[in-house]
Structures are given as C-alpha cells and as structure tokens.
S.K.: 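Shown below is the structure under consideration.
None of these values were measured; they are calculated from a predicted model. Numbered from 1 within each chain, the chains take letters A, B, ... in sequence-line order.
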Amino acid sequence: MIGQLNPEQLAAVTTNEQHTLVLAGAGSGKTKVLTTRMAWLIQNGKVSPYGVLAVTFTNKAAREMLTRLTAMLPVDTRGMWVGTFHGLCNRLLRAHYRDAGLPQNFQILDIADQLAAIKRLIKANDIDDEKFPPKDVQRFINNAKENGERPDTVEVWDAHRKRLAEIYQLYQEQCQREGVVDFAELLLRAYELLSRNVLVREHYQRRFRYILIDEFQDTNTLQYKWLCLLAGAHASLFAVGDDDQSIYAFRGANVGNMSAFERDYAGNNIIRLEQNYRSYGHILDAANALIEHNTERLGKNLWTDRGEGELLRVVEQPTDLLEAQWVVDEIRAQINDGRLRSEIAVLYRSNAQSRPIEHALFSAHIPYKVYGGLRFFERQEIKHVLAYLRLIASGDDDTSFMRVVNFPTRGIGARTLENLSDCARQIGCNLIHAVGAVSGRSGTKLLAFAKLIETLREDAQTLSLPELIKHVTDASGLNAHYEAEREGAERLENLGELINAATAFCAEENLEGKAALAQVERSVAPDDPDSPFAQELTSALALFLSHASLEAGDNQAQAGEDAIQLMTIHAAKGLEFDSVFITGVEEGLFPHENSIMAEDGLEEERRLMYVAITRAKERLTFSLAHARMLHGQTRYSMRSRFLEELPDDHLKWLTPRTREVAEPSWGMRLHVDAHARPSTGRIEPRAPRSISSGVSVSGKEYRIGQGVRHSRFGDGTIIRLTGQGADAQAEIVFRDTGAKTLALAVAKLDIIAG
DNA sequence: TTACTAAGACTTTTT
DNA sequence: GTCTTAGTAA
C-alpha cells in the first residue's frame, strides 16, 4: 500500500502529528496521498472507518476517494462520512432536523430556485427591484451566509446595506415558512447546530477522530469554522491543498485559510509534495517561473525526473477565426500522428470563446465535447418534474408551487396567482393551503390543481419511485405537453432518462443501503425519545430529491467517446491531457479585464494560467488572436503579459513574434498596475507590440501601442481598441491618470511618437 | 394566454 | 453576436 510512495508522500501518509498541512502541487499525487492515508489509518488500527470524516468539494472527488480506498483495502465504507461539505451538512441536518429547527422533509434550493424565491419575495414586499436587483440581493445573502452572518450580525454601514439586511431577514422568514434551505444555508445551519447544541457537538467530536480535507485552498470562511468546530480539541486534521491553484476566490474561497490552518493547527508540520508525475520539464519550469510572479505564496517548486520534453509553442494569428482554424489544423495533425482525441484539450478563459473553435472542429468533422453549460438536473423539464415531486413530498415549497401551478398551462394566470398570494399572506399560510380562499372560476382551477397534487401524494404511497415519476409526468400533463411541442422530443427523452436515473438510484440505495446507514446511526443513538437523532427512515423520494439538488449531474455527456475536450480553465482543474491548447492568451481576455482592477485579481488570473499550464503532460500550445469578435464587435488586443512572464528558453514561436516597440509609457503601465510586483524588479518593462490591426477615425489612424496625448489626461498609450467608426473606443493607459476608455470619435487625441 | 419585440447583459461557478 | 428577460400587442 505504501510501497509506491515517494519520501514526502510517505511522510504525509504516515504522519503521527495531530495536524498536518500538505502542500500538494499539481500532479504530485494528492488524491493518492489522501486515500492512502485513510487506508493506512484504518489498517494500522488508528481508527475505525466509523471515526473517519473526509470532505471534498465535488461529488466526483468524493466518489473517487471511496473507490480508491476500497480498491486498496476492503473497508466497510457505510459508516464513513465521505462527501462534499454540502452533502455532509445535509446528512447532519437530516439526522437532527428538530434541533436544527427544520421540518423533516426540508427541500434544498439551488441557485436558480433561490433566485426565483428572492424575486417572489421582492414582489410580495413591494421592494424596488431597480434599487435591489434580485441578483444583487442573492449575492448579498450568500456572501453573508458564507461568512457565517445572519441579518442581525451582518455589517451595515449605509442605508442601502441596512435595507439589504432587512431583505435578508424577510428571505430567511420566507425560507423557514416554506421549509427550504439554500446551499449556503446548509452549511450555516449545520455550523449553528454544532455550535449551539453541546450534545450533538460532543457526539460528533467524539466520533470523528480523523478529519481529512481535500482542495483546502477552496474552503470559505464558514467551512473553515465548521471544520474547527467539528474537530474540537482532540481530532486530527489533515488538510491537503495548493495555494497556487486557488482560483475560486470570486465565489468566496479564502486562500487565507491555509495560513490560518498553519497558524491554528499545523504549526511546522507542513509537508510539500513537489515531485510532479504528470508533465515534462519545460512545462513545469514555465509554470514555476510564471507563478513566481505572485506574492503571498506559501512557496513550492515543481520538479520532475522525466526529462525536459518539448518546448512550449506559441502561435499568434490575426483573428479569432484564424486562431481556431490553426488550432484545428494542428489538432488534425496530432490525431494523424496517433494521438488520442480525448487526450487533446482546448482550454479557454471564458465560455464564449468555444464558439469559433467548435465551428472549426465541426467543419473539419472532428468529434468534440464541450464541458459546461446546463446539467441534467438543471434542465427545465427535469426541474418541472422535480417541482411536482417536491410538492408531493412537502407541499410548503412555494417556489415549486409557482413553478408548476400553471405548467402545463391550466388557465391559471398572473392575476389569479396575485390573488392567491395576497390570500396566503393574509391567512399566513403557504400558497397551496390558500387555494380554497380564492373565489370564482380561477378559484376552481386552483382547487383542481391542489386536488391533483393531493391525489398524486396518495398515489405516491403505493408506487415505487420510478413508477411515481412516470405517473407524475402523465397525470400532470407534462408528457402530453412535450409530445405536442415541436421540439419536445429531446425533453421527452430526458424525462425518460430521469426515470432511468431514479431506477438506478433506488437500486444503488438498496445495495449500499441508506437504510442500513440509518441503522448504523441509530445503533449509536439508542431509541430513547431524548436522542437528538432522527428516528424515521427517510423515503426513497426524499433521498432522491436531496440527491437531485446536491448533485446536479455530470457536466459532461456520454463519456468514453473519443472526442476533443473543450472547456474553460476552471473546468479543467484536476484534469490532465497529453496535449493542451491554451487559447485566447490576450490582454483583457486572459488576464480578464475585469480582474485587472479587482483586488488580487491579477494574481488569481496568474494562478489560473498556472492551472492551465500544469494540465499538459507532453505538449503545450499557446495561441492568441490580435482581433476577436466579442459582444458583437471586433476587439483588438495584444499578447497577454503572462506570455512575457515565461522565460524565452522554454518557448518556441511558431509564428513570428510580433515586433516589440520601445515605449516609455509602457513602463508607466506597470507602475499603474500595482499587482505586477515591481518591488522585486523581476519584471522587465516590456514595450507593447505594434500590430497591423488599427482603427481609423476622422482621418486619424490608431493602433495598439500608439502613443497619444489628451488635453486633460496627458500622455498615454493605447492598449486596446474596440469597435469601428463612430463606435470605436480605445482603452488608454495615461502616464499620470491611469487607464481610461475613450470614444475615439469624441475624445480629442493627438498622436505622438510611439 | 401566447407571441412577438425590445432591451440589456456578457468572466470564471465544485454545491 | 446571441441569449435571457421584461413588456406589450393580438
């Protein structure tokens, strides 16, 4: 089991220190260490499977961990808590729903459900949705929750935020009334449960002797607090992560948790896994050199004994279409050389970039697979069925009610629903319970809908889950609706797929035995009425609904087909490919313009590039286009600064490297850019490249790198051009006043030397 | 209630 | 350029 480990991996797996921080570089065998440690702990009698808790961010990672573990050691995994933060918190809350103040059948809102609930709340309370756009409210609430804050503790420093906190309060009341929790609430509730209930807390603190955390750099503040609480004073914490691969700060991840963990727990017990088993030398050296430009690193340098390998290749093309064409031609050549299509990945910063590449691949008849986009359980038709199922399971869930009360259409319009909503508010009950209070013809229609749900609920008693789903799609009219729809064939197929999924789910549940699991829980908590543990076994329907919310399904379709892999760099994290194309390596796109101004934004972009580079095993190709169609207009950009940060001796230019022009104001650009770490003197100020693409406005020619003078802002350099003619705009970095975007037709600019 | 049109967005998104 | 959402006409 431990025979194949290198010394650092071995040290991590067998450490006897209470707490350990493992800095695991890309491709250094992170999952192997994590799973081997679990196996080692169990095999050596340090702990029984029952005392292990391992937490990951994705269901996929959790599954892989269990698979690898059982392959190593015949472990009874039923008593183990291995899962995502959200999955484990859900488990905790189901077991202690009373103490957590939740109904037993509470439903989980995904982001779309949550947004719908917020919109409904804003309407019901006559809140100005111009001042408080639902999306902003959603972000405010989720941010607050991820920091462990409730409406009464969240910081308010102005009237606007004060109002947001009030809306948060209203939202909380609405969720409570409807028996629903959002993703962030799962964590916060579980945290509050543990922190307030001594009995429950001590039980789990006693139980989980070993807590292992994967992708620790991605944890948010609340998750860290949750872990600390769960660990108590005696558990052993084993955190594995890579600060250089922290790319989710924008959604609340706090890399600072790594140094906090070092300070609070691990002390000097930090183990670095730096030997890389994935890539050749040039790739790793380039990645190391790039990430060196970041400050605030815990520090790490990847190395390999596989040899240097190929140089990294760079290609510049005039347009995004030609870039795509070049990439596809190159892909074809690589396939002809015998490379597997599924071992070739095309990565990009933003989803919109996939289009021209898809087009070129399609024209070339090369099979490809795009990752990202809608997932199975997020599809409209699936969410509709799930809404019916939720109403059957709970009934209080107004979001689900609103979703399907008039779908398929039953002549229940907006007016009727407004009436209903008013009635419900007056009575102080949920929508479905207020249907009797609405008079007239519309009231009859509402009653018919309520009766439908009631009948379905009775039917649910006697039907198996797959049978129930089939029955619901028939009785609700969903099937008929999609049969009549011109393009409903695919939706019908998905409904069939949902029934398959339910069948598989039930089979798996019976096999693995969620029931058996509940038995295990119960053996710990004897059947006394004061036990904080839930006594009832949960129904297949309830389990399936949780499953659907917490696991939206794979983002990839049919695996196994040998196809080119297209995805964002974020989606590529954790994956590896023989040959990788990193496309659109342009200023403004990568690093993205929005992140350049954000705090630490540039460092996160650089980590993103680091992640991208370290995906490649054998061959890595960068490509960029000088002109690109974006948001309906052509944008001209220059080569990404990240390419300048890669040492020349790892690069091979397949097209002529565009000319570099001495440009005094370029130095100022770096000065303006505080993230470029001028203190080390590492970065040599480089001039922007002049490119052929220019813009002509009222007789003047503008191009990237052009020096200009503005009467008010002074001298500066054009770093980007967008649009044509009257719409043409230039982003200009002024020596003294920073970056500005100006309309060329309006701004009075003089062309100066450059 | 449906269907068309206009307006606005538009970086990344494990649960 | 393309998609989603909101608003209005039929």
S.K.: Can you identify which nucleotide, out of B:dT12, B:dT14, C:dG1, has its nearest atom closest to the A:Phe57 side chain?
M.R.: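 From the listed options, B:dT14 comes nearest.
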
S.K.: A:Arg139 side chain N/O closer than 4.0 Å to the phosphate oxygens (OP1, OP2) of B:dT13?
M.R.: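 No, A:Arg139 has no side-chain N/O under 4.0 Å of OP1/OP2 on B:dT13.
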
S.K.: Hey, is A:Phe250 doing a stacking thing with B:dT12, by the 5.5 Å centroid and 30° angle criteria?
M.R.: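 It does: the ring sits over the base of B:dT12.
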
S.K.: Is A:His570 stacked on the base of B:dT12, with ring centres under 5.5 Å apart and planes under 30° apart?
M.R.: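 Check failed, A:His570 does not stack on base of B:dT12.
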
S.K.: Tell me whether A:Arg94 forms a cation-pi arrangement with A:Phe106, defined as NZ or CZ under 6.0 Å from the six-membered ring centre and within 45 degrees of its axis.
M.R.: yes

S.K.: Answer yes or no: side-chain N or O of A:Arg375 and base N or O of B:dT13 forming a donor-acceptor pair under 3.5 Å.
M.R.: no

S.K.: Could you label the plane-to-plane angle of the A:Phe642 and A:Phe590 rings as parallel, tilted or perpendicular, counting under 30° as parallel and over 60° as perpendicular?
M.R.: perpendicular

S.K.: Does the A:Glu323 side chain pair with the main chain of A:Gly584, one donor and one acceptor, at a distance under 3.5 Å?
M.R.: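 Confirmed, A:Glu323 side chain pairs with A:Gly584 backbone.
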
S.K.: Is A:Asp110 touching bases, backbone alone, or none of the nucleic acid, heavy atoms closer than 4.0 Å?
M.R.: nothing

S.K.: Quickly work out the A:Glu593 CD to B:dC10 P distance and round it to whole Å.
M.R.: 13 Å

S.K.: So which one's nearest nucleotide on DNA chain B is more toward 5', A:Arg415 or A:Asn594?
M.R.: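 The answer here is A:Arg415.
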
S.K.: Just to confirm, is there a sub-4.0 Å distance from OP1 or OP2 of B:dT13 to any side-chain nitrogen or oxygen of A:Thr568?
M.R.: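 Answer is yes, contact under 4.0 Å.
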
S.K.: Here's a test of your reading of the structure: between A:Ala552 and A:Thr409, which maps to the more 5' nucleotide of DNA chain B?
M.R.: A:Thr409

S.K.: Contact class for A:Tyr248 (heavy atom, under 4.0 Å): base, sugar-phosphate, or nothing?
M.R.: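 The residue A:Tyr248 makes base contact.
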
S.K.: Counting only heavy atoms not in A:Gln380 (residues, nucleotides, ligands), do more than 12 fall under 6.0 Å from its CD?
M.R.: yes

S.K.: Could you tell me the separation between the CD atom of A:Glu378 and the C1' atom of B:dT14, rounded to a whole number of Å?
M.R.: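 Checked: the CD to C1' distance equals 12 Å.
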
S.K.: From CG of A:Leu550 over to P of B:dT13, roughly how many Å is that when rounded to an integer?
M.R.: 20 Å

S.K.: Using whole Å, report how far CG of A:Asp129 lies from C1' of B:dA7.
M.R.: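 Nearest whole value for this atom pair: 15 Å.
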
S.K.: In this structure, how many angstroms lie between the P atom of B:dT12 and the CG atom of A:Leu589, rounded?
M.R.: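 These atoms are roughly 10 Å apart.
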
S.K.: To the side chain of A:Asn406, which of C:dT2, B:dT1, B:dT14 is closest?
M.R.: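 Closest nucleotide among those given: B:dT1.
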
S.K.: Atom CG of A:Asn351 and atom P of B:dT11: how far apart are they, to the nearest Å?
M.R.: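 So the CG-P distance, A:Asn351 to B:dT11, works out to 11 Å.
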
S.K.: From the list C:dC3, B:dT1, B:dT15, which nucleotide is the closest neighbour of the side chain of A:Ile111?
M.R.: B:dT15

S.K.: Rounded to whole angstroms, how far apart are CE on A:Met629 and P on C:dT2?
M.R.: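 After rounding, the gap between these two atoms is 9 Å.
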
S.K.: Taking the side chain of A:Ser350 as its heavy atoms from C-beta onward, which of B:dT11, B:dT15, B:dT2 lies nearest to it?
M.R.: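 Out of B:dT11, B:dT15, B:dT2, the nucleotide with an atom closest to A:Ser350's side chain is B:dT11.
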
S.K.: What nucleic acid atoms does A:Gly574 come within less than 4.0 Å of, heavy atoms only: base, sugar-phosphate, or nothing?
M.R.: nothing

S.K.: To the nearest Å, give me how far apart CZ (A:Arg635) and P (C:dG1) are.
M.R.: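 It works out to 16 Å between those atoms.
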
S.K.: Base, sugar-phosphate, or nothing for A:Leu88, non-hydrogen atoms under 4.0 angstrom?
M.R.: nothing

S.K.: Does the separation of the ring centres of A:His481 and A:Phe407 fall below 6.0 angstrom?
M.R.: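 They qualify: ring centres under 6.0 Å apart.
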
S.K.: Verify whether the ring centers belonging to A:His96 and A:Tyr204 lie closer than 6.0 Å.
M.R.: yes

